[in-house]
Structures are given as structure tokens and as C-alpha cells.
Amino acid sequence: MSGMRLTFAEIYIKNFEANVRAIKKFVKPGVKICCSVKADAYGHGAVTCAKAAVKCGADFLAVATVGEGIELREAKIKAPILLLSYCSPSEMADLVKFNITPFVGDEEYIGFIERAVQKAFKARNAANAKLTKNAAAKKFAVHLAVDSGMGRVGCLPCDAAALAKRISSSKYLTLGGMCTHFASADGTAARDRSYAKKQRDAFVAAVESVKACGIKPGIVHASASAALMDKVEWQFDMVRPGIILYGYYPDKITAKYLRAKKTPLELKPVMALVTGISALRPFAKGMSVSYGSTWTASKNTTIGVLPIGYADGLLRRQAGTLKVSVGGKLYPIRGRICMDQCMVDLGSAKGIKRFDRAVIFGPKESGALLTADDLAADAGTISYEILTCVGKRVERVYVK
């Protein structure tokens, strides 16, 4: 077994579990929870996080690709899995084989899924002559996505009833649920609130139109992280937390905002991005560092070399503003961030040794003085990007 690189990500799985339990207590009694573990659980490790989520009471898991769903199934995870994005025809056989529930939103796509299910069921029946009649007749669940204003996935609200009829009349499909996704639920401005309510009303109308046809809509769900916290009355039958599982709040729906509303939900960051000082270099006044010589020492100092770069998850555009925690103090990154390395100005480097731990971001217990939110604010982005940018070559180390 090879040794571990100086750069790695600590995943505080106890914090993840605490977040799931906090969310479970926050939602209304009887409301199901679908934990989003797409994009390798936002960079935290899908299999480990999915198992932890199920252990803590998650009813569903959500992924963005068929491959992500297969990874969970091959890890012996039996919980229902929702596929949030459309897949290609070549993936549909695996969609059915691994029992991954797709979102559908138009006649053509429903037809593609139906034919894949028909083919799979026929092959299954032929391979198992002892299959009971009831098992052979079991249908494959799909969730009807309604585009209430996101403009991404789903049918228009006015088409929901017709598509629900199409699904219900199928020999192979059944309507397992109806869903939508809010575009501005994470905002607090009047325009954001108005648009979110417009979406909610359009979705409710679509659900009611399906019910009016005598069709059960299945599990009705709409709220991701922001809406489930800020609009408790919109939780319907299930909620789909994402970023809050990993300890971060969506845009304006912050811990401070929720406390002011007297509906607090306290979260704990789960990931720490850690590296170490691979070299200490005495730097005289006038010496420059990194590509383009964009930074020159204005006085004698010590430069620490960190074996972490933009291939590991740092953002190159943060050169000149990013700081790193070493021994409980923040020190600035100097010069351009490279693919595999960056350099930190340690001043006199008093008490600092080669291979000392340096933390980019994380929970306080990791020694971090910054969070992914802090890095995001500096870079003009969101915590989601900071977390999911942490590269595959950065080993995940799970801290219990």
C-alpha cells in the first residue's frame, strides 16, 4: 500500500450525520427526505455519504447520472434512487436493471423509458420461467417532472394531466411521483419570493389537474435546500436537501436569517481541504515567485511550498487573495496558483516546520480558519463550486 500524499480531504462524517438528523427534525412529521448525493456527494464521497444518510433516516437518494446510481447499487445500497437529469438511450437498460427512478417530462422520453422497461421485463421473464404472474406484471416507477419556471427539465403545467394519463395507461410504467424545482427559492428579494410563489402555484395546479383525472400523483416533491428551510408549508410529501447536507447554506437563506425567523437549523461543514508544507524557502527582498513573476517580495520573508493547485480544487483566479491556515494563523498565497502547487508567504515562519499541516477550508475542528463560503465569497462563486472542484486525486479520509 502506498503512502498518503500531503494533500487530502478530511470528511467529518459525524458532521454529515448530524446535518441529516437536524434536517429530519426540521421537516414536518411524515415528510420523506431524499438526500442528494450527486457529483460524488458534492465531492465528499457518494457511497460513504449515501450509507450514512440511509443510516440516519433518508428515504430516497438522488443522483444526476446513471453511472452515479450504479455506483450506489454496486455498493449494496438498496434505498430508492432518483435520477434528476435525463439520460441517453444507451443508458436506459442500466436504468431499469439497477432500479433507478427517472424523471420524465415529455411523450418521446416516456416512450424511450417504456421501451427499455418492456425489453428488460421480457428478458427477465424469459430468463426466469418460474417468475410469478404478479412479479411479471410489476411496473416501473417514473416521476413526472413539471417545469414550473426553471426552464430545464419537465413538462409545462398544462401538459401534466395528459402525460400522467399516458404513464398510467402504460403496461410497463407507473406514476411514482410528481416534482418540480424552484429557480429563486434561495433569494429573499421581493422579485425572488414572487417568482418562487408563482412556481409553487403552477406546480400545485399541475398536481391538482392530475388528481382531477382520477390519477394518484404519487410522492409530490418540490423543495430543495432553500425552500425546505424557508417555506415549510411547501414541503409536500418529500424534500430534497442538497448543499445543507454538507454544512453550507444556499445564498440568502443563511443560519443568521433562519435564527431571525425563529426557525433555526444549525449545520456543520463536513469537508476540510488539507495540505502540508513540502518545502520552506528563505526569500530575500526582490525575489519573485511562480509563473509570470506576478509577485515580488517587498522584504525578506519565508515562502512555503504547498503541493496543492488548481488540479486539486483551488481556483487559479484566487491568486493574490487566497489565504491558508497554518498553526492557527492565516497566511497569504503569493504569485499564481499552479496546477499542482502554490506558494504561501510565512513571514518569519517562527515555529513552522517542513510538513506542517496547512488547511485551505473546513470546519473549526480541522484547524481551518476559513470555510468554503469564505473562499466562494472571495472568488465570486458559491460553496457548491468550491466543494465539487476538489479533484479526484485528492484522497478522501473519513473522520468519525
Asker: Taking the basic N atoms (NZ, or NE/NH1/NH2) and the acidic carboxylate oxygens, is any pair closer than 4.0 Å for D192 and K197?
Answerer: no
Asker: Could you see if I386 belongs to whatever hydrophobic cluster contains F8? Use Ile, Leu, Val, Met, Phe, Trp, Tyr and a side-chain cutoff under 4.5 Å.
Answerer: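 No.
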Asker: Compute whether any side-chain donor of one residue and acceptor of the other, for T7 and D312, lie under 3.5 angstrom apart.
Answerer: no
Asker: Would you give the length of the straight line joining atom OG of S383 to atom CD1 of I244, rounded to the nearest 0.5 angstrom?
Answerer: 11.5 Å
Asker: Evaluate the ring planes of F236 and F203, with Trp represented by its six-membered ring, and classify them as parallel (under 30°), tilted (30 to 60°) or perpendicular (over 60°).
Answerer: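 Judged by the thresholds at 30° and 60°, the geometry between F236 and F203 is perpendicular.
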Asker: Do V324 and L330 come close enough that some side-chain heavy atom pair is under 4.5 Å?
Answerer: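 The answer is no; the side chains never approach within 4.5 Å.
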Asker: Is a donor on one side and an acceptor on the other found under 3.5 Å between the side chain of Y12 and the backbone of M271?
Answerer: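 Not a single qualifying donor-acceptor pair exists.
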Asker: Could you tell me whether the side chain of C179 reaches within less than 4.5 Å of the side chain of M238, counting heavy atoms only?
Answerer: no
Asker: Please report the interatomic distance CZ(R152) to OG1(T180), rounded to the nearest 0.5 Å.
Answerer: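 That separation rounds to 10.0 Å.
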Asker: Side-chain contact, heavy-atom cut-off 4.5 Å: L314 with I308?
Answerer: yes
Asker: Is there a chain of hydrophobic side chains (I, L, V, M, F, W, Y, each step under 4.5 Å between heavy atoms) that links L82 to V96?
Answerer: no
Asker: Indicate the atoms forming the closest heavy-atom contact of L369 with D374, along with that distance.
Answerer: O-OD2, 4.3 Å
Asker: Walk me through whether K252 and D230 qualify under salt bridge (charged side-chain N to carboxylate O under 4.0 Å, His left out).
Answerer: CA-CA 10 Å; K252 305 299 182 184; D230 195 32; over 6 Å; no
Asker: Would the distance check show the side chain of R73 and the main-chain N or O of I77 forming a donor-acceptor pair, the cut-off being under 3.5 Å?
Answerer: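 Pair found, side chain donor or acceptor close to backbone of I77.
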Asker: Looking at K171 and E114, is any side-chain nitrogen of the basic one under 4.0 Å from a carboxylate oxygen of the acidic one?
Answerer: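 No, E114 and K171 are not salt-bridged.
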Asker: To the nearest 0.5 Å, what is the distance between CD1 on I352 and OG1 on T302?
Answerer: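 It comes to 8.0 Å.
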Asker: Treating T388 as the side-chain partner and Y384 as the backbone partner, does any N or O pair qualify as donor plus acceptor under 3.5 Å?
Answerer: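 Such a contact is found between T388 side chain and Y384 backbone.
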Asker: Any chance you could lay out the side chain to side chain contact (heavy atoms under 4.5 Å, CB included) test for F182 and M150, step after step, and finish with the verdict?
Answerer: CA-CA 6 Å; F182 297 120; M150 183 71 173; over 6 Å; no
Asker: Do L315 and C389 have side chains that approach each other closer than 4.5 Å (heavy atoms only, starting at C-beta)?
Answerer: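 Yes - at least one pair of side-chain heavy atoms lies under 4.5 Å apart.
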Asker: Are K400 and E10 close enough for a salt bridge, meaning some N to O gap below 4.0 Å?
Answerer: no
Asker: Test I360 against every option in I333, L370, V274, L375 by the side-chain contact (heavy atoms from CB on, under 4.5 Å) rule and name the one that passes.
Answerer: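 Option passing the side-chain contact (heavy atoms from CB on, under 4.5 Å) with I360: L375.
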Asker: Locate the shortest heavy-atom distance separating G242 from S225; write the atom from each residue and the value.
Answerer: N-OG, 2.9 Å
Asker: According to a 4.5 Å side-chain heavy-atom criterion applied to Ile, Leu, Val, Met, Phe, Trp and Tyr, with indirect links allowed, do L280 and M287 form part of one hydrophobic cluster?
Answerer: no
Asker: Determine, step by step, whether V399 and K14 satisfy the side chain to side chain contact (heavy atoms under 4.5 Å, CB included) criterion, reporting the C-alpha distance in whole Å, the side-chain angles of both residues, the deciding distance to 0.1 Å, and the verdict.
Answerer: CA-CA 8 Å; V399 181; K14 63 180 180 179; 5.5 Å; no
Asker: Looking at R259 and E266, what are the two nearest heavy atoms and their distance?
Answerer: NH1-OE2, 3.0 Å
Asker: A side-chain contact here means heavy atoms from C-beta on lying under 4.5 Å apart; do P241 and V239 qualify?
Answerer: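 When only atoms from C-beta onward are counted, V239 and P241 do touch, with a gap below 4.5 Å.
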Asker: Could you pull out the closest heavy-atom pair between D237 and G218, with the gap in Å?
Answerer: OD2-O, 3.6 Å
Asker: Any side-chain heavy atom of N19 within less than 4.5 Å of one from V270?
Answerer: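 The answer is yes; the side chains approach within 4.5 Å.
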Asker: Side chains of I243 and Y42: closer than 4.5 Å at any heavy-atom pair?
Answerer: yes
Asker: Would you say R21 has more than 12 foreign heavy atoms packed within less than 6.0 Å of its CZ?
Answerer: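 Enclosed.
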Asker: Looking just at side-chain N and O atoms, do Y310 and D340 make a donor-acceptor pair shorter than 3.5 Å?
Answerer: no
Asker: Return the CZ to CD1 distance between R281 and I303, rounded to the nearest 0.5 Å.
Answerer: 9.0 Å
Asker: Is a donor on one side and an acceptor on the other found under 3.5 Å between the side chain of T301 and the backbone of G347?
Answerer: yes
Asker: Counting N and O atoms only, with roles assigned by atom type, does the side chain of S168 sit under 3.5 Å from a partner on the main chain of K165, one being a donor and the other an acceptor?
Answerer: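 No, because the side chain of S168 does not come within donor-acceptor range (under 3.5 Å) of the backbone of K165.
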Asker: Is it true that F103 and Y86 have ring centroids separated by less than 6.0 Å?
Answerer: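 No.
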Asker: Checking salt bridge (Lys or Arg N to Asp or Glu O under 4.0 Å) between E17 and each of K51, K268, K55, which is the one that passes?
Answerer: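 That would be K55; it is the only one of K51, K268, K55 passing the salt bridge (Lys or Arg N to Asp or Glu O under 4.0 Å) with E17.
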Asker: Within this structure, what is the CG-CG distance for the pair D147 and D106, rounded to the nearest 0.5 Å?
Answerer: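 Rounded to the nearest 0.5 Å, the CG-CG separation comes to 11.5 Å.
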Asker: Closer than 4.0 angstrom, basic N to acidic O: yes or no for K353 and D356?
Answerer: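 Yes, this pair counts.
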Asker: Can V344 and V326 be said to form a side chain to side chain contact (heavy atoms under 4.5 Å, CB included), step by step?
Answerer: CA-CA 10 Å; V344 58; V326 180; 5.5 Å; no
Asker: Any side-chain to backbone donor/acceptor pair from Y195 onto A185? Under 3.5 Å, distance only.
Answerer: no
Asker: Keeping D186 on the side-chain end and A226 on the backbone end, is there a donor-acceptor pair under 3.5 Å?
Answerer: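 The answer is no, because no donor-acceptor pair under 3.5 Å joins these two groups.
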Asker: Do V63 and L83 make a side-chain contact, defined as non-hydrogen atoms from C-beta onward lying under 4.5 Å apart?
Answerer: yes
Asker: Would you tell me whether R396 and H44 have side-chain atoms, one donor and one acceptor, within less than 3.5 Å of each other?
Answerer: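 Checked: R396/H44 side chains show no N/O donor-acceptor pair below 3.5 Å.
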Asker: Flag yes if more than 12 heavy atoms outside K216 fall under 6.0 Å of its NZ atom; otherwise flag no.
Answerer: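 Not buried by this count: 12 neighbours or fewer within 6.0 Å.
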Asker: Determine the minimum heavy-atom distance between L6 and P307, stating which atoms define it.
Answerer: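 Heavy atoms of L6 and P307 come nearest at CB-CG, 3.8 Å.
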Asker: Judged by atom type as modelled, is there a donor-acceptor pair below 3.5 Å linking the side chain of S290 to the main-chain atoms of R336?
Answerer: yes
Asker: May I ask you to decide if Y257's main-chain N or O and T254's side chain share a donor-acceptor pair within less than 3.5 Å?
Answerer: yes
Asker: What's the shortest heavy-atom distance between I337 and G309, and which atoms?
Answerer: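 That would be CG2-CA, 4.1 Å.
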Asker: Are more than 12 heavy atoms, taken from residues, nucleotides or ligands other than E233, located less than 6.0 Å from that residue's CD atom?
Answerer: yes
Asker: Taking everything shown except K198 itself, do over 12 heavy atoms lie less than 6.0 Å from its NZ?
Answerer: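 No - once you tally the heavy atoms of other residues, nucleotides and ligands closer than 6.0 Å, there are 12 at most.
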Asker: Assign the ring pair F16 / Y246 to parallel, tilted or perpendicular, where the plane angle (0 to 90°) is split at 30° and 60°.
Answerer: tilted
Asker: Let me confirm one number: the CG-CD distance from L84 to E68, rounded to the nearest 0.5 Å.
Answerer: 9.0 Å
Asker: Could you tell me whether the side chain of E91 and the main chain of S88 form a donor-acceptor pair under 3.5 Å?
Answerer: yes
Asker: Is it true that R5 and E395 have a side-chain N and a carboxylate O under 4.0 angstrom from each other?
Answerer: no
Asker: Between T263 and F26, does the side chain to side chain contact (heavy atoms under 4.5 Å, CB included) criterion hold? Intermediate values first, please.
Answerer: CA-CA 9 Å; T263 56; F26 190 89; 4.3 Å; yes
Asker: Does NZ or CZ of R115 come closer than 6.0 Å to the centre of the six-membered ring of F112, within 45° of the ring's axis?
Answerer: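 Positive - R115 is close enough to the ring of F112 and near enough to its axis.
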Asker: Any ion pair linking K392 and D40 (charged N to carboxylate O, less than 4.0 Å)?
Answerer: yes
Asker: Are L306 and W295 connected, step by step, through hydrophobic side chains (Ile, Leu, Val, Met, Phe, Trp, Tyr) whose heavy atoms are closer than 4.5 Å?
Answerer: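 L306 and W295: separate clusters.
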Asker: Is there a continuous path of hydrophobic side-chain contacts, each under 4.5 Å between heavy atoms, that joins F121 to M92?
Answerer: yes
